[in-house]
Amino acid sequence: MSTTVKTKMTDMTVGNPTKHILLFAIPLLIGNMFQQLYNTIDSLIVGKYVSADALAATGTCGSLTFLFFSLSSGLAIGIGIIISQYFGAKDDAGVRNTIANSVYILIVASFAVMILGFLLARPLLEMMSTPEEIIDDAVTYLRTTCCGIIFIALYNGVASALRALGDSRTPLYFLIVSSFLNIGFDLLFVIAFDMGVFGVAFATVIAQAVSAALSLIYAVLKVPYFKLSKEEMKPSKHIIARSFRLGVPMALQSSMIAVSMIVIQGVVNSFGTTVMAAYTITCKVDLIASQMYNAISASLTTYSGQNLGAKHLDRVSAGYKRGVIILTIYNLIIIPIIYFFSQPITAFFVNELDVISFGADALKITTLFYIPLGLIYVPRGVLNGCGDAKFSLINGISEVICRIVFANLLTQIASIGMWGVWWATALTWTTVAIICNGRYLRGRWKTLKA
């Protein structure tokens with residue numbers, strides 16, 4: 001292995017597991033929080049400088065854009081796992097061949113998803129009962145953002161490869177650049193050029209294109225694994241098949257969760273605007289709190305992939321234990337803060353007293369179940385890194401069934417009613433945590449080949 005790679009990448013098959021997991025997770029956490037900040041600013045620009053209807057139009061596309069984006073990003077994750085395993089095994093040829101073939105996989109898959117999203121935009125929005133007065137704007141927004149899927153796929157592909165090689169900092173830099181560009185183009189197209197919803201979506205596509213180009217240029221110039229010969233660029237049926245075998249289940253996992261959230265939103269909507277507002281707030285708070293879980297999980301994916309490739313199964317087990325300890329400490333800090341300050345936290349989002357009161361009580365329910373939520377992310381990261389593709393499907397199917405069954409069942413019980421929405425979330429986290437940890441403890445991951 002070249003010294004250039006060693007100075008930039010991190011070999012997680014040696015050294016302190018806790019140190020590796022935390023140092024790798026910190027840039028991921030910063031990136032996740034930065035994206036949340038950007039999304040907030042983006043919504044502010046749309047709501048303040050276009051219209052409330054425009055904000056509703058972009059907001060109603062959220063679950064659909066997540067659905068389409070996850071179909072292509074799941075493949076990038078699968079590719080990254082293969083790269084991490086080859087890197088851990090010190091198989092440079094395997095790393096280079098996987099990177100080469102990822103180009104074909106991501107371009108073909110992203111084009112297919114892009115066409116699918118463009119054609120199905122209006123039918124899907126109509127199926128979701130999107131109000132007539134905003135559906136045209138929603139269709140414009142969704143179709144325009146779908147045109148940027150290829151750029152998202154390329155960025156995710158490069159970022160996933162760099163993270164698999166132990167570099168979580170460089171993708172963060174390009175993410176920050178993309179976010180600032182997006183905000184800048186939003187202001188230019190919306191305020192200066194008055195391009196409305198199309199301007200917002202177009203700004204996102206341009207920022208994504210720049211981010212994809214910069215990350216690709218950096219990788220080719222600075223990372224020797226990306227400097228590929230014509231011979232190495234030849235398609236490999238084995239690599240392509242393996243990438244799809246790992247990537248498709250992960251893409252389906254995210255997609256199924258997106259579908260379940262759409263169904264749950266329908267249940268929430270049936271209880272009126274107060275419950276809808278409270279549910280939106282608790283989801284935002286839960287999402288922010290769970291960014292640490294996401295970062296540790298992604299860190300464990302790379303860590304486990306490298307160590308499985310190196311056949312260091314004891315270090316994989318150590319990573320699982322350290323992940324549990326890290327998130328337990330985090331939960332002991334975050335749970336009391338959100339639980340005891342649920343009222344002012346809810347009041348930060350709205351002024352209506354009924355929503356604040358209702359949202360604060362609802363937040364206390366989900367907050368108490370952050371421990372099982374964290375216990376989903378630890379085995380998920382480890383098992384994904386080990387290439388347990390079947391687990392991804394099991395995880396996704398379990399979450400979909402639990403969310404839909406618990407929500408519809410509990411909300412029909414008179415003594416529970418609308419509170420069943422939040423109890424359904426809590427019970428889903430608990431059930432899925434048991435399933436995920438049971439899968440890890442069975443030890444099937446030890447028999448998987450890198």
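Side chains are part of it too, since the values below use all heavy atoms of this structure and drop only hydrogens, waters and symmetry mates.
- Using a 4.5 Å heavy-atom threshold, the side chains of Arg444 and Leu383 count as separate.
- Here the side chain of Thr366 pairs a donor or acceptor atom with the backbone of Leu363 at under 3.5 angstrom.
- Judged by distance alone, with hydrogens and angles left aside, the side-chain atoms of Ser299 form no donor-acceptor pair with the main-chain N or O of Ala295 at under 3.5 Å.
- Between the Thr98 side chain and the Ile83 main chain, no donor and acceptor come within less than 3.5 Å of each other.
- For the pair Asn101 (side chain) and Ile240 (backbone), a donor-acceptor distance under 3.5 Å is absent.
- Atoms CG and OH, on Asn384 and Tyr377 in that order, are 12.0 Å from each other to the nearest 0.5 Å.
- Under the 6.0 Å cut-off for aromatic ring centres, Phe202 and Phe185 do not qualify, their centroids lying 6.0 Å or more apart.
- Ser398 approaches Ile435 most closely through the heavy-atom pair OG-CD1, 3.5 Å.
- Between the side chain of Ser290 and the backbone N or O of Leu287 there is at least one donor-acceptor pair closer than 3.5 Å.
- Within a 6.0 Å sphere centred on CD of Glu132, other residues, nucleotides and ligands contribute 12 heavy atoms or fewer.
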### Message
Checking Ser168 against Leu172 for the side chain to side chain contact (heavy atoms under 4.5 Å, CB included) test, could you report, in this order, the C-alpha distance in whole Å, the side-chain angles of both residues, the deciding distance, and whether it holds?
### Response
CA-CA 7 Å; Ser168 63; Leu172 169 64; over 6 Å; no
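- No side-chain donor-acceptor contact under 3.5 Å links Ser297 to the backbone of Asn294.
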#### Entry: Verdict with supporting geometry, Phe24 and Thr10, side chain to side chain contact (heavy atoms under 4.5 Å, CB included)
CA-CA 9 Å; Phe24 190 91; Thr10 303; 5.9 Å; no
### Task
Walk me through it: do Ser243 and Ile82 pass the test side chain to side chain contact (heavy atoms under 4.5 Å, CB included)?
CA-CA 7 Å; Ser243 297; Ile82 296 171; 3.6 Å; yes
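- For the atom pair CZ of Arg380 and CG of Leu375, the computed distance is 12.0 Å after rounding to the nearest 0.5 Å.
- One N or O on the side chain of Ser84 and one on the backbone of Ile81 form a donor-acceptor pair closer than 3.5 Å.
- Heavy-atom neighbours of Leu353 CG from other residues, nucleotides or ligands within 6.0 Å: at or below the threshold of 12.
- To the nearest 0.5 angstrom, Leu246 atom CG is 8.0 Å from Ser392 atom OG.
- Separation of atoms OG1 (Thr367) and CD1 (Ile338) is listed at 5.0 Å; rounding is to 0.5 Å.
- Judged by distance alone, the side chains of Tyr293 and Asn331 do bring a donor and an acceptor atom under 3.5 Å apart.
- Counting only heavy atoms from C-beta outward, the side chains of Thr301 and Val382 never approach each other to under 4.5 Å.
- Atom CD1 of Ile79 and atom CZ of Phe244 lie 8.0 Å apart (nearest 0.5 Å).
- Contact of the Phe34 side chain with the Phe180 side chain is registered, since non-hydrogen atoms from C-beta on lie closer than 4.5 Å.
- Annotation: side chain of Val177 is in contact with side chain of Leu214 (closest heavy-atom distance under 4.5 Å).
- The two residues Val432 and Asn395 make their nearest non-hydrogen contact at CG1-ND2, 3.3 Å.
- Looking only at side-chain heavy atoms (C-beta outward), Val95 and Leu165 come within less than 4.5 Å of each other.
- Between the side chains of Tyr370 and Asp286, at least one donor N or O sits under 3.5 Å from an acceptor N or O.
- The backbone N or O of Ala164 lies less than 3.5 Å from a partner atom in the side chain of Gln306, making a donor-acceptor pair.
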### Message
Before you tell me yes or no, could you show the steps for Ile371 and Thr328 under side chain to side chain contact (heavy atoms under 4.5 Å, CB included), namely the whole-Å CA-CA distance, both residues' side-chain angles and the distance that decides it to 0.1 Å?
### Response
CA-CA 7 Å; Ile371 289 178; Thr328 299; over 6 Å; no
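- In plain terms, the two heavy atoms of Gln208 and Gly148 that are nearest each other are OE1-O, 3.6 Å.
- Classification of the Tyr440-Trp445 ring pair by plane angle, with boundaries at 30° and 60°, yields parallel.
- The minimum heavy-atom distance linking Pro372 with Ala433 is given by the pair O-CB, 3.3 Å.
- Asp167 has its side chain within reach of Arg169: a pair of non-hydrogen atoms, C-beta onward, lies under 4.5 Å apart.
- Between Trp419 and Phe358, the ring planes lie parallel to each other; the angle is under 30°, not in the 30° to 60° tilted range.
- Side chain of Thr431 to main chain of Thr428: no donor-acceptor pair is present (N/O by atom type, distance under 3.5 Å, no hydrogens or angles).
- When every heavy atom of Met292 is checked against every heavy atom of Leu327, the shortest pair comes out as CG-CD2, 4.0 Å.
- Within a 6.0 Å sphere centred on NZ of Lys390, other residues, nucleotides and ligands contribute 12 heavy atoms or fewer.
- The closest side-chain heavy-atom distance from Ile206 to Leu181 is not below 4.5 Å.
- Side-chain atoms of Ile404 and Val400, non-hydrogen and from C-beta on, do get closer than 4.5 Å to each other.
- Judged by distance alone, with hydrogens and angles left aside, the side-chain atoms of Ser211 form no donor-acceptor pair with the main-chain N or O of Ala207 at under 3.5 Å.
- Separating the CZ atom in Arg163 from the OG1 atom in Thr302 is a distance of 8.5 Å, to the nearest 0.5 Å.
- For the pair Arg439 and Phe391, the cation does not sit on the ring face, since its NZ or CZ is not both under 6.0 Å from the ring centre and inside 45° of the axis.
- In summary, the side chains of Asn437 and Tyr320 do present a donor paired with an acceptor at a separation below 3.5 Å, with no hydrogens or angles considered.
- Between Leu28 and Ala298 the shortest heavy-atom distance is CD1-CB, 3.6 Å.
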